[in-house]
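Notes to accompany the following structure.
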Amino acid sequence: MGSIDKYIFKTTLASFALVLVSLTGVIWITQALRGIDLMTSQGQTILTFLGITGLVIPALVLIIAPIALMIAISHTLNKLATDSEIIVMNAAGFSPFRLFYPFFYATCVVAALVAFIGAYLAPDGMRRIKQWDAEITADVLTNILQPGRFAQLDQNLTIRIRERLPGGVLGGIFVDDRRDPQERVTIIADHGTVLKNENGSYLVLEDGNLERFEVGKRDPALVAFQRYAFDMSKFSNQGRDVTLGIRERYLWELISPSEDDPVYKQIPGQFRAELHDRFMAPIYPFAFAALTFAFLGAPRTTRQSRNFSIGGSVFAVFGLRMIGFACSVLTVKTPWAALVQYLMLFAGIGVGIWMIVGGIVVEPPAALMEAINRNNERIARFFRRPVTA
């Protein structure tokens with residue numbers, strides 16, 4: 001690359017990095033707030049919270065990177081146009097297609113980054129999240145059950161302990177179990193211990209009362225017990241056997257899934273859709289770059305408005321991405337929808353390259369501009385009217 005190419009290349013990548021970090025940070029914060037219950041209801045540390053929520057960043061970058069590239073190219077072209085550098089380079093013999101070279105090189109870097117994230121980094125982060133979450137749930141009796149706090153272990157299961165006594169004894173145990181829609185069980189015990197054996201894990205409660213409310217009955221059933229075993233196996237065994245979903249699969253696992261995989265047997269269509277999404281992820285940066293440059297890369301004077309071109313590029317990229325999402329959903333049940341998505345992407349790249357090579361300047365229709373100017377003149381005359389006494 002020459003000095004001009006290096007200048008544009010570095011400017012584009014610097015803008016891309018800034019936009020990517022900014023957008024990813026904002027979206028990550030909104031996603032991280034959903035997991036704040038790790039610290040509140042489940043008693044985890046801030047490091048655990050940041051670690052789990054931070055692992056979702058590669059999956060966010062996978063979607064945000066092409067959009068960040070589009071914004072970076074738009075910013076760079078607008079900067080070059082504002083400083084009249086595009087006009088000067090065009091006068092020096094740089095055709096629009098030649099000017100596209102450094103942007104193409106920057107796009108190759110972004111596409112390589114997206115390909116690596118889609119093939120390995122994003123699914124690796126997602127499976128680490130699932131494993132980490134399973135370990136937290138598996139360690140529920142030692143980490144989540146904190147003295148004096150109500151811990152929601154399941155959607156309708158709440159447990160509270162008053163204190164931890166020497167020898168692993170839990171004092172003052174309260175259990176509210178509403179998982180069965182036909183009944184609600186409330187247990188209060190003086191103390192209890194954790195018992196683990198080959199049959200599972202149990203919270204052995206001693207010296208307490210059990211109150212059962214059954215649907216359709218007016219009065220609850222009260223039982224006083226000296227020893228009662230509450231089954232906790234569901235929560236203690238989750239860390240041993242983690243079932244990986246589609247997003248947790250590496251690219252090569254999607255290409256050749258095992259025929260005995262129960263998830264693949266159940267939802268083969270989603271495997272197909274996810275595989276094509278991974279393949280097309282590195283293509284989107286090229287399509288976005290070509291369309292953005294096609295709308296904004298043509299030489300213009302500083303007197304010519306670029307607003308229409310900016311709006312057109314945003315509309316083209318947004319429409320391309322939305323159609324891609326729609327085709328991805330349809331691919332689950334209709335395999336040919338993936339072909340439509342491929343054709344749409346390559347058509348977008350082809351149209352963009354055609355506009356760049358042809359030096360087509362995207363401007364609003366003359367009739368539209370005349371109508372807008374007439375309307376502006378009417379508004380200006382209205383406000384210039386003298387005020388009558």
Below 4.5 Å, heavy atoms only, C-beta onward: do Leu275 and Ile255 meet side chain to side chain? yes
Do Ile57 and Phe116 share a hydrophobic cluster (ILVMFWY, side-chain heavy atoms under 4.5 Å, transitive)? yes
If we only count heavy atoms from C-beta on, is the Phe288 to Leu69 side-chain gap below 4.5 Å? no
Would you give the length of the straight line joining atom CG of Leu345 to atom CE of Met280, rounded to the nearest 0.5 angstrom? 6.5 Å
Point-to-point distance, once rounded to the nearest 0.5 Å, from CG of Leu157 to CG of Asp180: 12.5 Å
Any Lys/Arg nitrogen of Arg184 or Asp176 sitting under 4.0 Å from an Asp/Glu carboxylate oxygen of the other? yes
Flag side-chain contact, heavy atom, 4.5 Å: Ile67 against Tyr284: no
Got more than 12 heavy atoms from elsewhere within 6.0 Å of CZ, Arg98? yes
pair Arg164-Leu170: side-chain heavy atoms closer than 4.5 Å: yes
Looking at Asp177 and Arg212, is any side-chain nitrogen of the basic one under 4.0 Å from a carboxylate oxygen of the acidic one? no
Report yes if some heavy atom in the side chain of Tyr264 is under 4.5 Å from a heavy atom in the side chain of Arg249; otherwise report no. no
Is the shortest heavy-atom distance from the side chain of Val340 to the side chain of Leu330 under 4.5 Å? no
Within the 4.5 Å heavy-atom criterion, are Leu254 and Phe271 side-chain neighbours or not? yes
Establish whether Phe293 and Val351 are linked, either directly or via other cluster members, by ILVMFWY side-chain heavy-atom contacts under 4.5 Å. yes
Does some side-chain heavy atom of Val175 sit less than 4.5 Å from a side-chain heavy atom of Thr186? no
